[in-house]
Amino acid sequence: MARKTALVTGASRGIGAAIADRLASDGYFVVGTATSPVGAERISQALGVSGVGVELRLDDPESVQSLMQRIGDAADSPQILVNNAGITKDNLMLRMGEAEWTDVVNTNLNGLYRVTKLVLRGMVKSRWGRIVNLGSVVARMGNAGQSNYVASKAAVEGFSRALALEVASRNITVNTVAPGFIGTDMTAELTDAQTASMLERIPLGRMGEATEVASAVSYLVGDEAGYITAQTIHINGGMFAA
Ligand code: NAP
């Protein structure tokens, strides 16, 4: 049987890189995205014969529209989509500029809509698909200084549930994976005081690893998870019991 193609957005670093690596080891052909040609080339090199890197900017509708042209003959239409890429632009509400709000919502939510719509048609045609969206623990907990990011991640969860119901009859599952505090560039931006206060709130007493998120994604996209849809899997060391 031909290898299934898995599209992983934001595969150049952090959680996305770990997911791309894991899905390649699982035997899928992985298309990983980065925002720059250099990042895309690095993904190609890291994946070797198991995948390819391509450029993608989620905040640019034209970049999403032309994604399939850039993939070209390198891969089949993705049957697995991991909407991983996301950004933060933290600020207190009274100081939050229009651009900080719009950039985060445009990348994390509008971009996810654009990519999902693009690949969904192929999944519907083949009557099989797996979509995993990256949410966040803060979508349920809230987090001061992140109203833009929290709004986008809560919306991702709602979107996932609604889409799951819409496409279930086509044998396509849609789930959210909601990480807590994972060691990546995104959390490296936090101050020492913010990191210490986060760690105090985690019963397991440590940050999570990107590979621990990747293993949940690996499970959800596999055949064994075929009866799981419209759910959120929390990976947060016990920080929040949803
Ligand atoms: P990260 O290390 O900051 O990496 C972000 C990834 O997204 C990079 O591959 C980046 O590409 C890509 N990206 C950024 N802006 C983009 C855009 N406009 N269009 C397309 N791609 C873009 O992030 P991470 O910590 O691994 O987080 C991955 C996902 O998990 C995100 O959705 C995040 O919200 C979620 N999450 C993370 C944590 C955590 O503790 N780290 C917790 C909860 C949820 P370039 O390398 O080209 O910039």
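In each ligand, atom 1 is the first atom listed, and ligand 1 is the first ligand listed.
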Between Q69 and S66, does a side-chain hydrogen bond (donor to acceptor under 3.5 Å, both in side chains) hold up when you go through it step by step? CA-CA 5 Å; Q69 277 103 286; S66 54; 5.5 Å; no

Between N110 and V105, does the side-chain contact (heavy atoms from CB on, under 4.5 Å) criterion hold? Intermediate values first, please. CA-CA 6 Å; N110 300 346; V105 171; 4.3 Å; yes

Going through the distances and angles, do K153 and E157 end up as a salt bridge (Lys or Arg N to Asp or Glu O under 4.0 Å)? CA-CA 6 Å; K153 291 299 183 181; E157 269 201 70; over 6 Å; no

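Of all the heavy atoms of T184, the ones lying under 4.0 Å from any atom of ligand 1 belong exclusively to the side chain.
Residue-ligand proximity: G135 is placed with a non-hydrogen atom under 4.0 Å from ligand 1. Under the 4.0 angstrom criterion for non-hydrogen atoms, M207 is not in contact with ligand 1. Contact analysis leaves G208 out of contact with ligand 1, as no non-hydrogen atom separation drops below 4.0 angstrom.
Nearest heavy atom pair, residue G14 against residue A210, reads O-CB, 3.9 Å. Contact detail for Y28 and G222: the closest heavy-atom pair is OH-CA, 3.8 Å. Annotation for A17 and S12: closest pair CB-C, 4.1 Å, computed over non-hydrogen atoms. The minimum heavy-atom distance between I43 and A11, with the atom names listed, is CD1-C, 3.7 Å. Residue A40 comes nearest to V54 through the heavy atom pair CB-C, 3.6 Å, listed as atom of the first residue, atom of the second, then distance. The heavy-atom pair separating L220 from V132 by the smallest distance is CB-CG2, 4.0 Å.
Looking only at protein heavy atoms, the nearest one to atom 14 (C) of ligand 1 is I87 CG2, 3.6 Å. Of all protein heavy atoms, the one lying nearest to atom 19 (N) of ligand 1 is L58 N, 2.8 Å. Given atom 5 (C) of ligand 1, the protein heavy atom at minimum distance is G86 O, 3.9 Å. In terms of protein heavy-atom proximity, atom 12 (C) of ligand 1 is closest to G10 CA, 3.8 Å. Closest protein heavy atom to atom 16 (C) of ligand 1: T35 CG2, 3.5 Å.
With N84, V104, L56 as candidates, the residue nearest to atom 29 (C) of ligand 1 on a non-hydrogen basis is N84. Remark: among candidates I182, I15, D60, the nearest residue to atom 27 (O) of ligand 1 is I15, based on non-hydrogen atoms. For the residues P37, G32, S12, the heavy atom positioned nearest atom 45 (P) of ligand 1 is part of S12. Selection from R57, E189, E55, R13 by nearest heavy atom to atom 3 (O) of ligand 1 gives R13.
Note on L118: it clusters hydrophobically with L7, by side-chain heavy-atom contacts below 4.5 Å among ILVMFWY residues. Hydrophobic clustering keeps I233 apart from L163 (ILVMFWY residues linked when any side-chain heavy atoms are closer than 4.5 Å, directly or through intermediates). Linking Ile, Leu, Val, Met, Phe, Trp and Tyr residues whenever their side-chain heavy atoms come within less than 4.5 Å leaves M186 and L112 in two separate clusters.
On a distance-only criterion, Y149 and ligand 1 share at least one N/O pair closer than 3.5 Å. Residue G180 places at least one N or O, backbone or side chain, under 3.5 Å from an N or O of ligand 1. Residue-to-ligand polar distances keep P179 apart from ligand 1: every N/O pair is separated by 3.5 Å or more. Backbone and side-chain nitrogen or oxygen atoms of F181 are examined, and none is located within less than 3.5 angstrom of a nitrogen or oxygen of ligand 1.
Those atoms of ligand 1 that come under 4.0 Å of a heavy atom in D59, given as number and element, are 18 (N). Every atom of ligand 1 with a heavy atom of A34 under 4.0 Å away is listed here by number and element: 47 (O). Those atoms of ligand 1 with a heavy atom of A85 less than 4.0 angstrom away are 7 (O), 12 (C), 21 (N), 22 (C), 32 (O). Here is the list of ligand 1 atoms found below 4.0 Å of a heavy atom in T107: 17 (C), 18 (N).
Applying the 6.0 Å contact sphere to CD of E98 captures no more than 12 heavy atoms from other residues, nucleotides or ligands.
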